[in-house]
**Student:** 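One structure follows; several queries about it will come next.
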4 protein chains.
Amino acid sequence: MSGNSFGHLFRISTFGESHGPGVGTVIDGCPAGLHIDPELIQQELDRRRPGQSAHASPRQEADRLQILSGVFENKTTGSPIALFIANGDARPEDYAHLKDNWRPGHADMTYSLKYGHRDHRGGGRSSARETAARVMAGALAKQLLAHAGIEISAYVSSIGPHAMPTADDFYTREEVDASTVRCPHPATSEKMIHFLDELRTQGDTCGGIITCISNGVPAGLGNPVFHKLQADLAHAMLGINAAKGFESGDGFAAAGMLGSLFNDAIEATVDESGHPKFHTQTNHSGGIQGGISNGSPVVFRVAFRPVSTIMQDQQSVDSRGNAVNVEGKGRHDACVVPRAVPIVEAMCALVLADHLLLNRSARI
Amino acid sequence: MSGNSFGHLFRISTFGESHGPGVGTVIDGCPAGLHIDPELIQQELDRRRPGQSAHASPRQEADRLQILSGVFENKTTGSPIALFIANGDARPEDYAHLKDNWRPGHADMTYSLKYGHRDHRGGGRSSARETAARVMAGALAKQLLAHAGIEISAYVSSIGPHAMPTADDFYTREEVDASTVRCPHPATSEKMIHFLDELRTQGDTCGGIITCISNGVPAGLGNPVFHKLQADLAHAMLGINAAKGFESGDGFAAAGMLGSLFNDAIEATVDESGHPKFHTQTNHSGGIQGGISNGSPVVFRVAFRPVSTIMQDQQSVDSRGNAVNVEGKGRHDACVVPRAVPIVEAMCALVLADHLLLNRSARI
Amino acid sequence: MSGNSFGHLFRISTFGESHGPGVGTVIDGCPAGLHIDPELIQQELDRRRPGQSAHASPRQEADRLQILSGVFENKTTGSPIALFIANGDARPEDYAHLKDNWRPGHADMTYSLKYGHRDHRGGGRSSARETAARVMAGALAKQLLAHAGIEISAYVSSIGPHAMPTADDFYTREEVDASTVRCPHPATSEKMIHFLDELRTQGDTCGGIITCISNGVPAGLGNPVFHKLQADLAHAMLGINAAKGFESGDGFAAAGMLGSLFNDAIEATVDESGHPKFHTQTNHSGGIQGGISNGSPVVFRVAFRPVSTIMQDQQSVDSRGNAVNVEGKGRHDACVVPRAVPIVEAMCALVLADHLLLNRSARI
Amino acid sequence: MSGNSFGHLFRISTFGESHGPGVGTVIDGCPAGLHIDPELIQQELDRRRPGQSAHASPRQEADRLQILSGVFENKTTGSPIALFIANGDARPEDYAHLKDNWRPGHADMTYSLKYGHRDHRGGGRSSARETAARVMAGALAKQLLAHAGIEISAYVSSIGPHAMPTADDFYTREEVDASTVRCPHPATSEKMIHFLDELRTQGDTCGGIITCISNGVPAGLGNPVFHKLQADLAHAMLGINAAKGFESGDGFAAAGMLGSLFNDAIEATVDESGHPKFHTQTNHSGGIQGGISNGSPVVFRVAFRPVSTIMQDQQSVDSRGNAVNVEGKGRHDACVVPRAVPIVEAMCALVLADHLLLNRSARI
């Protein structure tokens, strides 16, 4: 079933735990002849890395990209591309007290009940470090998308109670990363930062929402039934740690709207060669109709729950059912959402790259 | 890629358009030896069928289930199970005016741009009739789940502006179907019915939200990374026509909560044989941690946009780019959400059945 | 896992037993816009049908093709294409004596041990009738291949001890079907027919070999590692009932050859536009190097064991382990190989169609 | 499509070229709780390694196994298991003369035509070194099989014109590896060695046949239609470099046999608890009926063509179509077949491990 693989034609398999030798990904299905810039992959790894700001975990990881295969003279060869980063700075003894104790909100209990035993060091496979493998793969997928004129931008549109007034515009990476919480609306960003500073003193955590917009997606990506473009995006997003919700276009708000208001009217212009170019006047649907992209920006949002590790004592149990007190210690983020921005972009890139290739077989 | 197939071990492929001979599904992977009650499948088809109430489309379809293969002496044989219902009462001439005109909100434009031509009669593959194939397959999956002690209940928790005060309880099918809008809270149901009556006179449509709760799901279903249980559920739900959002557990509300409040505390009781039984005191996580079920009810919600076909004129274009007026006529629901209840249950059943089988390989 | 599905992009799922309502196939992934001639599918079904000659089973089946979905105005729409033929003339009472007795060489024992119970009527899913679903799907795949200039020809090159002197030429269907045993070498054909006549009087059966040649396969189909073109062909062929061996190019004979003799020398000619066209002087490799087609004809052979049902008494057991005598009765072929010709062609067509689509993603 | 991945539940993805950093494999789907002995994996790598005898290539590779993930305290955790060996002793300059010249029998031409450019150093992905990744994965699969009582043995039954008198017995690894050509029949082994010595002086190469026998395979593995056990084995075997043929049980010889002789009679004995145990008196079918294992040893043979690189000049072309002379130089085996023994075993182990897990879902 390959629960650690994702995609159909542009398919990745990831591996690695936070406290083993490293994490990596194998990309099977990238077309040959794509020029690869390793620096662009490294940049995305750096964006994901903790320790970039006061709001994030202080653990230091070098995260130097190694390309193990599939690229020759800076071009993809059609062979699988393996990307790897070594782990460093691992302190498994930090987790010794968690060997038998199950932390609330974490995967400790469910892993133990499913698999019978678990790698308790740093969460094993449930560690946020696993997402580095996605980011590497996604950064490569972005280079395939860029070749097709597709660009993705994600940003934090809400943290705890603080939300951007509107969040349906495309922002450049510079605009997004100018804020330490990756919110491109300066006033809201400031409130978020202040809010997180307070949370940290309380030893508490919070969640937030990320908005993601893809420009340049051609009409025709996606499928009519089970593999609707929004279905594959939802699949990708809910597979990210701590994600609890997904909405495409107007999403949950659409449930309260009338059809006469929601429908996006279609219009056409004529290009210089006399062919009609179609577009919608509004974008309530988020760029997708009937599961297939319509040429408008593809817009969705992802909700993240609060980080599970809090700096407070919590009541729980150990693996034998005894009540235990789980102490709040270790190195952890007060809010995971800003670091999740490159992960959301990466997973979006993987879905779009896959559908870009799948769409090559749509017509005779 | 098989965009019309769903699942891994319990895998279905569906086929059929609204105006061809019929719709069907092939289930490949149902274990042998399962007793099948065809009547239970027929009941689900009847629940999905339009024309059950004033709120739904008046088109009459007999929808008599035919089992074409895979069941012998009322038991599954391990061979693929093909289920089929013939179409009747099709009036393709109702759609002749839509051959070249693209309706706002529909898949007309995106199908045309993707495939080059399309079956314009009744929406072809984008027709709601396609969902009958899912309902048949899901009804069979439910019989596999029942054998494992798992029961699914979905209901309408919100239509337009009217929402149930709380929606985290499990209701019986009788309680749900007692309401023509499938809302088990009588006072809210009444408001919804009144609201839809008004909408109909205006020729308008609306959306809504369905809550789905699965009881009896054992701990251990799901996977840690890309195939988290909630990811596969989100994939399934966003693949339903008109679905625009998905949330697991507290979902989008969790984005505004603090970790100290969101975390579900774990406790244990000891069963008669002395083994610990684990459960969470609250269920903010919706029964899933780290992508794996924890033994609590699995809870999610799905948001649906308004029905696209409204009984009002709309501005649009034809396939050559000419502006056209799309008239509001045909036979359509004012609100699709009550009829989507069995579809949500069916897709949920397919995901759980698949993970039930996948989990058989979790341990040595 | 979908053991009844085949292919990746051009993917089929088959269903049906010999004594149920019928057999069918769902093709998911055929590109839109392909003109379909149903008559060409019917012709292939007719070629597969028993009762065409004295050498084959006298059971009569109408096998009228029904297209249930996916084709509109004679063109594929991109939706799944369901093809179906009803069963007729089924006499399950012919098999009543086999309910508990396990016939040597048949799947009775293995089905029973795997699934716990089985549909004993006519072999259930192990019936040769299942192959009709492959033939339908393959006949549609051939129309996709014809559009790309690819043509497939299979024929019987050996039956029992009688083999064609050489068997590496392409024959037209007319040449092949001119022989009732589908051997295009008249002298050998005559010997085969005489041999089968004798076998029939003895109540015995035999096997044979089919040669399959595909012309017009462009260079580039296939993959370097697990999905080598010959690997997928071998997979397809060994999945046919009674197939016991597969060889690509010189096959087993190559094991006894020297490299200096086996290697196919490469030469190039220049086409009118000045581009080099490459080809090999010989074709020991069967048109494939490194798992990828090289532009030469793709050549392979498939060995079939004798038909298991013989008109002689055999010692066996029943499901409780008691010794029983299995009588030789029923309606069966003395040699399955001539009827397997369209099945080999169909499976070859499915593999090539899949790789034709997969190859669209080979390069940027 | 993931052409570098293999299997369904026990699924591997391999990567790496002969002249990059190394080769590796990711195993996704190994059940948790399996005790892993890394030494057993290393032993298989050592068996595959060139330079073990005078008959094999003198290139020295350390091939030290690194386990990058998925094993904790010597047990599998249910997470993906990444295995890696670094490349050493690579001399890409040995291949500089091949940059534009296409060697007969090699994948140079087909890779170039498919992908547009290629990694010409040592054959890139078509290098025999790729098979090390399979051997690692297979060695792990063998540990899963051993846990289920399944044991695999392969050996060289034929090289060039020299074949073992009979080759249907199971030999221990010690018996097989006692011969430098891995032929457990001493007299034949001696002839093979002498034959290869002569070939080497001529600068020529040859092929051969490997027999593989699996003991302890329980009845019930495999599927009735496309994923017959022999079909998946054929797929696995023809995916090995230089493999040209596959036969299950009596294989091609069965094509010349009569049904009355081929059919394996079934008998039953009663075990101590009174349950019948079934077995066949003969094993013409190679342990498989109707695609499903019957409890007898699973027997198949694989034919390999001669090694393509010969120490003789050959006429060929370059990528622009100019005639060139390809000189015979480099480090290469005169016969690849003895080194292919662990590869055949590995691929067989992967198929059986996959079907062992798939079979867990066969019944309710």
**Student:** Whether the side chain of C:Lys244 engages the backbone of D:Ser285 through a donor-acceptor N/O pair (distance < 3.5 Å, no angle test) should be reported.
**Tutor:** yes

**Student:** So which heavy atom on C:Arg301 is nearest to which on D:Phe252, and how close?
**Tutor:** O-CZ, 4.1 Å

**Student:** Nearest heavy-atom pair of D:Gly239 and C:Ala231: which atoms, and what distance?
**Tutor:** N-CB, 3.6 Å

**Student:** Only pairs of heavy atoms separated by less than 4.5 Å count here; which of C:Ala107, C:Pro224, C:Pro161 has the most with chain D?
**Tutor:** C:Pro224

**Student:** Of all the heavy-atom pairs spanning D:Pro306 and C:Met257, show the shortest one and how long it is.
**Tutor:** CG-O, 3.1 Å

**Student:** Run D:Lys228 and C:Leu238 through side-chain contact (heavy atoms from CB on, under 4.5 Å) and show every step you take.
**Tutor:** CA-CA 7 Å; D:Lys228 290 185 167 75; C:Leu238 268 293; over 6 Å; no

**Student:** Identify which part of C:Leu199 has an atom lying under 4.5 Å from any heavy atom of chain D, answering side chain, backbone, both or neither.
**Tutor:** side chain

**Student:** Please state whether the side chain, the backbone, both or neither of C:Ser112 comes within less than 4.5 Å of a heavy atom of chain D.
**Tutor:** backbone

**Student:** Among C:Gly290, C:Gly208, C:Ala219, who wins on heavy-atom pairs under 4.5 Å with chain D?
**Tutor:** C:Gly208

**Student:** By a 4.5 Å heavy-atom criterion (distance strictly below it), what part of C:Ser260 contacts chain D: side chain, backbone, both, or neither?
**Tutor:** both

**Student:** Report the distance from atom OH of D:Tyr111 to atom CD of C:Gln289, rounding to the nearest 0.5 Å.
**Tutor:** 11.5 Å

**Student:** Ignoring hydrogens, what is the shortest heavy-atom contact between D:Ile292 and C:Thr110? Give both atom names and the distance.
**Tutor:** O-CG2, 3.4 Å

